[in-house]
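Proteins get letters first, then strands, A, B, ... in listed order; numbering begins at 1 in each. These numbers come from a predicted model, not from an experiment.
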Amino acid sequence: MITTTLPDQNAAEQTFESFGLDARILRALSEQGYTKPTPIQAQAIPVVLLGKDVMGAAQTGTGKTAGFALPIIQRLLPMANASASPARHPVRALMLTPTRELADQVYDNVARYAKHTDLRSTVVFGGVDMNPQTDALRRGVEILVATPGRLLDHVQQKSVNLSQVQMLVLDEADRMLDMGFLPDLQRIINLLPAQRQTLLFSATFSPEIKRLAASYLKQPVTIEVARSNSTNENVRQMVYQVEDGQKQAAVVHLLRQRAEQGLSKQCIVFVNSKIGCSRLARHLEREGINAAAIHGDKTQTERMQTLEGFKNGTIDALVATDVAARGLDIADMPCVINFDLPFSAEDYVHRIGRTGRAGASGDALSIFVPGDERLLADIEKLIKRSVPRGTLEGFDPTGEKARQEDSDRRRQRADVRRARGNGDGEGEDRRRRHDHGGSRSAFRPSDDPFFSRPYEPSPNSASAKPADEMIAAALSRGRQAPKRPVAALLGGAPRKS
DNA sequence: AAAAAAC
């Protein structure tokens with residue numbers, strides 16, 4: 001085997017053979033083309049093989065999944081097809097993830113690494129039919145990958161038994177806390193034997209995460225591949241300031257500029273709201289860019305199709321909410337654009353963590369408008385460095401000219417529509433169909449030239465709001481009850497010993 | 001300010 005010696009402090013000269021992994025696992029690895037462990041794998045595999053608890057700081061794309069999956073498979077091998085009756089469906093290893101897509105990806109990896117063994121695995125997550133999942137669980141699996149909500153659903157239906165779980169993985173644990181999964185997590189963990197091995201992975205080590213670790217891990221070994229809360233050195237970060245209402249044009253400009261420079265067109269554009277996400281995707285498409293939106297109001301099928309399209313290259317710009325900020329394993333993402341600066345600085349770290357992975361270089365570009373000062377300051381404080389300010393070559397940040405052309409074009413389109421008598425009904429998302437489905441016409445706010453054109457303050461109203469906000473306010477329904485603070489929940493939790 | 005996740 002050829003190993004490249006890098007000036008790397010941890011992983012130099014190491015091979016998968018040197019961990020003493022079973023020949024069946026090594027065979028699967030070589031079929032996958034894996035030759036040399038990544039730094040996180042080099043650190044995690046021996047520790048997990050020893051049965052120790054692990055607190056791991058690593059983002060997706062560092063090879064983290066193999067870092068826990070390989071040693072777990074190794075440790076479960078003696079139990080494959082063991083005497084336990086399948087009627088008891090004893091799950092031995094449970095891997096929990098915050099999003100459905102991540103669950104699916106982790107499962108996909110596990111299944112590939114274990115393909116030459118007798119170990120069985122499956123994945124359960126929401127948004128899809130429960131019955132096939134129930135059937136798989138009843139047939140019996142040693143390794144189960146799941147999102148918390150659907151797993152509890154199966155637990156209630158008694159289609160799975162967690163009393164024999166010896167290994168628990170909490171993947172992207174910080175995200176699970178952000179998403180309010182702590183109560184579900186606690187309910188699940190209470191069903192597991194206290195005697196078990198627990199691995200917790202998180203991109204950031206917030207106080208809440210440390211607290212979670214203190215509750216559920218026993219003398220964990222800490223593994224870090226990068227300084228916590230830091231961003232990758234090989235990612236070129238940049239912010240571009242434009243006027244309010246020029247953000248869409250700025251993104252179009254950035255994407256075209258990259259295409260002209262012969263850079264890869266593939267790009268994730270992050271947006272803060274689901275509505276803004278759909279709107280930007282539509283705008284990019286109108287500008288002739290292959291774009292698609294992915295967010296939580298899309299059906300699971302749409303989400304999977306969009307991701308597939310992005311992976312096979314029919315989609316260049318994936319416009320996403322933070323559903324895609326963490327965990328989506330998209331190889332070699334050359335560029336991430338923040339259309340909106342994220343509300344939380346930690347989300348910035350996660351978003352730009354989609355690029356520059358496994359040593360590749362990447363661009364993380366952010367659009368900045370007046371009013372974003374605080375958000376940017378928080379980000380720079382967290383990553384402990386300033387993000388360089390760039391200028392968009394050949395772009396008019398006030399957008400006077402573009403605004404004029406744009407509104408002319410929109411007026412023409414509105415005329416055409418009036419002549420036709422209704423909207424065109426293309427690509428809507430569930431929320432919107434729901435809210436407007438029963439109305440007398442196919443009217444949608446985005447069809448109205450007023451809502452679509454760049455924001456201009458109304459001359460008679462000092463409190464005019466940008467179109468985005470107006471639409472968001474008009475469509476917002478069914479708000480969730482405020483979350484209880486994480487610390488309060490942890491404080492009230494029964495402590496595992 | 002928002003997003004995500006069980007029916």
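When the C1' atom of B:dA6 is taken as reference, atom CZ of A:Phe181 falls 9 Å away, rounded to whole Å. As a whole-Å value, the separation of A:Met130 CE from B:dA6 C1' is 8 Å. In this structure, A:Glu373 atom CD and B:dA1 atom P are separated by 17 Å, rounded to whole Å. The interatomic distance linking A:Leu341 (CG) with B:dA1 (P) rounds to 17 Å, in whole Å. Distance CZ (A:Arg175) to P (B:dA4): 8 Å, rounded to an integer number of Å. If you measure from atom CZ of A:Arg351 to atom P of B:dA2, you get 14 Å, rounded to the nearest angstrom. To the nearest angstrom, P of B:dA3 lies 8 Å from CZ of A:Phe343. Atom CD1 in A:Ile275 sits about 12 Å away from atom P in B:dA4, given to the nearest Å.
One finds the NE2 atom of A:His154 at 10.0 Å from the CZ atom of A:Arg138 (value rounded to the nearest 0.5 Å).
Legend: residues meeting side-chain hydrogen bond (donor to acceptor under 3.5 Å, both in side chains) with A:Asn272, ordered by chain and number and at least two apart, are A:Arg351.
In this structure, of B:dA1, B:dA2, B:dA4, it is B:dA2 that holds the atom nearest to the side chain of A:Asp347. Here the nucleotide nearest the side chain of A:Lys274, chosen from B:dA3, B:dA2, B:dA6, is B:dA3. Candidate nucleotides B:dA6, B:dA4, B:dA2 were compared by shortest atom distance to the side chain of A:Ser273, and B:dA2 ranks first. For A:Thr321, whose side chain is taken as the heavy atoms from C-beta onward, the closest listed nucleotide among B:dA6, B:dA3, B:dA1 is B:dA3. When distances are taken from the side chain of A:Arg100 to each of B:dA1, B:dA6, B:dA4, the shortest belongs to B:dA6.
Using a cut-off of 4.0 Å between Lys/Arg side-chain N and Asp/Glu carboxylate O, A:Asp135 and A:Arg139 are scored as not salt-bridged.
Inter-residue side-chain proximity for A:Val160 and A:Leu151 is flagged as met; some heavy-atom pair is nearer than 4.5 Å. Contact annotation: the side chain of A:Leu144 approaches that of A:Thr122 to within less than 4.5 Å [non-hydrogen atoms, C-beta and beyond].
Among the heavy atoms of the strands lying under 4.0 Å from A:Arg303 are primed sugar atoms or P, OP1, OP2 only; no base atom is included. Within 4.0 Å of A:Asn272, counting heavy atoms only, lie sugar-phosphate atoms of the nucleic acid but no base atom.
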